[in-house]
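Here the structure comes first, spelled out in structure tokens, and everything after it is commentary.
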Amino acid sequence: MASEYRCVGCGFRVKSLFIQYSPGNIRLMKCGNCKEVADEYIECERMIIFIDLVLHKPKVYRHVLFNEINQETVNIQHLLWKLIFAYLLIDSYRSLLLRRTHEHSSLVLVTVKVLINVLSTNLAFLFSFAIAAKGLLNEVSRKREILLGILISSYFRIFLLAMLVWEFPVSVIFITDLLVLTSNSMALKVMTASTTSRCIAVCLIAHTVRFLVGQIFEPTTFFTQFGSLVYLSSLFRIL
């Protein structure tokens with residue numbers, strides 16, 4: 001998302017990540033600050049990168065947010081609109097999953113409720129996130145880049161698509177939301193170089209406001225998630 005690449009270890013700006021001598025023959029460049037290889041993930045398989053993302057490793061977040069998605073190689077504006085559409089689509093499916101246990105209205109009414117819920121909660125999230133980021137992180141100049149980072153770091157929502165094939169308890173949705181919160185915090189920490197506590201506070205405020213606004217339109221979802229979470233914790237105790 002930046003015009004310059006970053007060292008995944010220390011975050012220092014570097015002009016290039018590798019030198020290519022011939023197809024398939026490259027030499028990785030070293031960081032001028034920490035003297036380590038600037039980005040070892042260039043030679044890693046996609047599965048390794050995905051696993052490290054799930055493990056919340058700061059190095060792989062720098063690789064994805066600064067080196068993989070760079071203004072020199074990616075149309076940022078085009079990517080941003082595609083991610084917004086995909087995020088809202090998956091969030092609509094999430095809202096439907098929360099309603100399927102107690103909703104018996106017509107299809108049109110359910111669709112209208114889902115659209116209102118998704119648009120209102122995400123607008124509340126954006127406004128509260130912007131206010132919290134300005135107050136705690138003093139970040140006002142890179143709105144587009146930070147928004148793109150938050151969308152990318154919400155990749156845990158993709159796991160909800162598995163519920164199209166397999167049946168899971170509703171608590172899985174709640175757990176996914178927690179993982180999205182922690183992933184957003186890590187992305188924000190990497191992009192702003194702020195302290196972990198401040199980044200978690202910003203994301204926690206935004207997600208809390210999003211949750212509370214959602215309860216205005218669908219208060220029963222709280223009891224559904226809470227009951228499923230209690231059931232899941234009791235199951236773990238038995239095991």
Side-chain angles (χ1 to χ4, degrees), residues 1-21 23-84 86-87 126 129-130 132-134 136-158 179-203 206:
M1 290 178 292
S3 57
E4 293 183 338
Y5 299 105
R6 299 291 185 96
C7 170
V8 298
C10 64
F12 193 75
R13 297 178 184 271
V14 293
K15 292 183 178 180
S16 61
L17 301 174
F18 62 90
I19 297 177
Q20 184 171 4
Y21 297 106
N25 183 19
I26 65 173
R27 179 170 68 88
L28 299 181
M29 302 298 291
K30 290 189 175 182
C31 172
N33 183 47
C34 64
K35 309 303 179 183
E36 299 292 333
V37 173
D39 192 350
E40 65 267 26
Y41 285 102
I42 293 175
E43 295 184 326
C44 290
E45 298 290 336
R46 294 290 182 182
M47 184 55 66
I48 300 298
I49 294 174
F50 180 73
I51 291 172
D52 282 357
L53 279 172
V54 173
L55 295 175
H56 288 21
K57 292 187 177 181
K59 285 186 176 182
V60 74
Y61 275 80
R62 291 193 184 98
H63 166 75
V64 173
L65 297 176
F66 291 117
N67 300 338
E68 190 73 22
I69 301 175
N70 192 280
Q71 290 181 4
E72 297 179 359
T73 58
V74 177
N75 187 330
I76 301 297
Q77 192 66 34
H78 187 238
L79 177 62
L80 181 61
W81 283 114
K82 288 198 295 186
L83 286 174
I84 290 175
Y87 180 89
L126 286 176
F129 183 90
K134 183 178 180 181
L136 295 176
L137 306 178
N138 197 25
E139 279 289 340
V140 293
S141 60
R142 296 186 298 156
K143 296 178 181 178
R144 188 181 67 169
E145 288 79 5
I146 291 178
L147 174 61
L148 187 58
I150 292 299
L151 290 171
I152 293 171
S153 61
S154 299
Y155 60 88
F156 274 107
R157 289 196 185 277
I158 297 175
L179 291 173
V180 169
L181 190 155
T182 57
S183 182
N184 289 163
S185 301
M186 177 56 68
L188 192 61
K189 181 180 187 302
V190 165
M191 296 178 66
T192 62
S194 300
T195 61
T196 302
S197 58
R198 285 179 177 269
C199 293
I200 292 176
V202 170
C203 293

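All of these numbers come straight from a predicted model, not from anything done at the bench.
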With sequence neighbours left out, what residues match Ser16 under side-chain hydrogen bond (donor to acceptor under 3.5 Å, both in side chains)? none
Residues at least two apart in sequence or cross-chain that pass side-chain hydrogen bond (donor to acceptor under 3.5 Å, both in side chains) with Arg198, listed by chain then number, are none
Measuring from atom CZ of Arg157 to atom CG of Leu179, what distance do you get when rounded to the nearest 0.5 angstrom? 11.0 Å
Nearest heavy atoms of Tyr155 and Val54, plus distance in Å: OH-N, 3.5 Å
Results of side chain to side chain contact (heavy atoms under 4.5 Å, CB included) for Thr196 - residues two or more places apart only: Lys189, Ile200
Quick test of your reading: applying ring-ring contact (aromatic ring centres under 6.0 Å, His included), list the pairs with at least one residue in residues 25-51, sequence neighbours left out, ordered by first then second residue. Tyr41-His63
Go through it in stages, so that I can follow the logic: the residues are Phe18 and Ile42, the test is side-chain contact (heavy atoms from CB on, under 4.5 Å), and I'd like the CA-CA distance, side-chain angles, deciding distance and then a yes or no. CA-CA 9 Å; Phe18 62 90; Ile42 293 175; 3.7 Å; yes
List for me each residue that meets side-chain hydrogen bond (donor to acceptor under 3.5 Å, both in side chains) alongside Ser183, sequence neighbours excluded, and say none if there are none. Tyr61
Between Cys203 and Leu188 the two heavy atoms that sit nearest each other are SG-CD2, 4.1 Å
Drop me the distance from Ile76's CD1 to Leu80's CG, to the nearest 0.5 angstrom. 8.5 Å
Who are the side chain to side chain contact (heavy atoms under 4.5 Å, CB included) partners of Leu83, not counting sequence neighbours? Leu79, Leu148, Leu151, Ile152
Contacts of Ala132 meeting side chain to side chain contact (heavy atoms under 4.5 Å, CB included) (sequence neighbours excluded), chain-then-number -> Val202, Ile205
With sequence neighbours left out, the residues meeting salt bridge (charged side-chain N to carboxylate O under 4.0 Å, His left out) with Lys82 are none
Side-chain donor-acceptor pairs under 3.5 Å in residues 25-35, sequence neighbours left out?
{"from": "Arg27", "atom 1": "NE", "to": "Tyr21", "atom 2": "OH", "distance (Å)": "2.9"}
{"from": "Lys35", "atom 1": "NZ", "to": "Gly32", "atom 2": "O", "distance (Å)": "3.0"}

Is it the case that atom CD in Glu45 sees more than 12 heavy atoms from other parts of the structure closer than 6.0 Å? no
Passing candidate, side chain to side chain contact (heavy atoms under 4.5 Å, CB included) with Phe129, options Ile150, Leu147, Asn184: Ile150
For the student: nearest non-hydrogen atoms of Leu65 and Gly149, plus distance: CD2-CA, 3.9 Å
Distance in Å, Asp39 CG paired with Cys44 SG, rounded so as to fall on 0.5 Å steps: 8.5 Å
Sequence neighbours left out, what passes side-chain hydrogen bond (donor to acceptor under 3.5 Å, both in side chains) with Gln77? Give chain and number order. Arg144
For the residue pair Ser185 and Cys199, what are the closest heavy atoms and their distance? O-CB, 3.7 Å
Are Asn67 and Arg62 packed together at the side-chain level, in the sense that at least one heavy-atom pair is separated by less than 4.5 angstrom? no
Nearest heavy-atom neighbours spanning Phe66 and Met191: CZ-CA, 3.9 Å
Who are the salt bridge (charged side-chain N to carboxylate O under 4.0 Å, His left out) partners of Glu40, not counting sequence neighbours? Lys59
Distance check, rounded to the nearest 0.5 Å: Ile49 atom CD1 versus Met47 atom CE? 11.0 Å
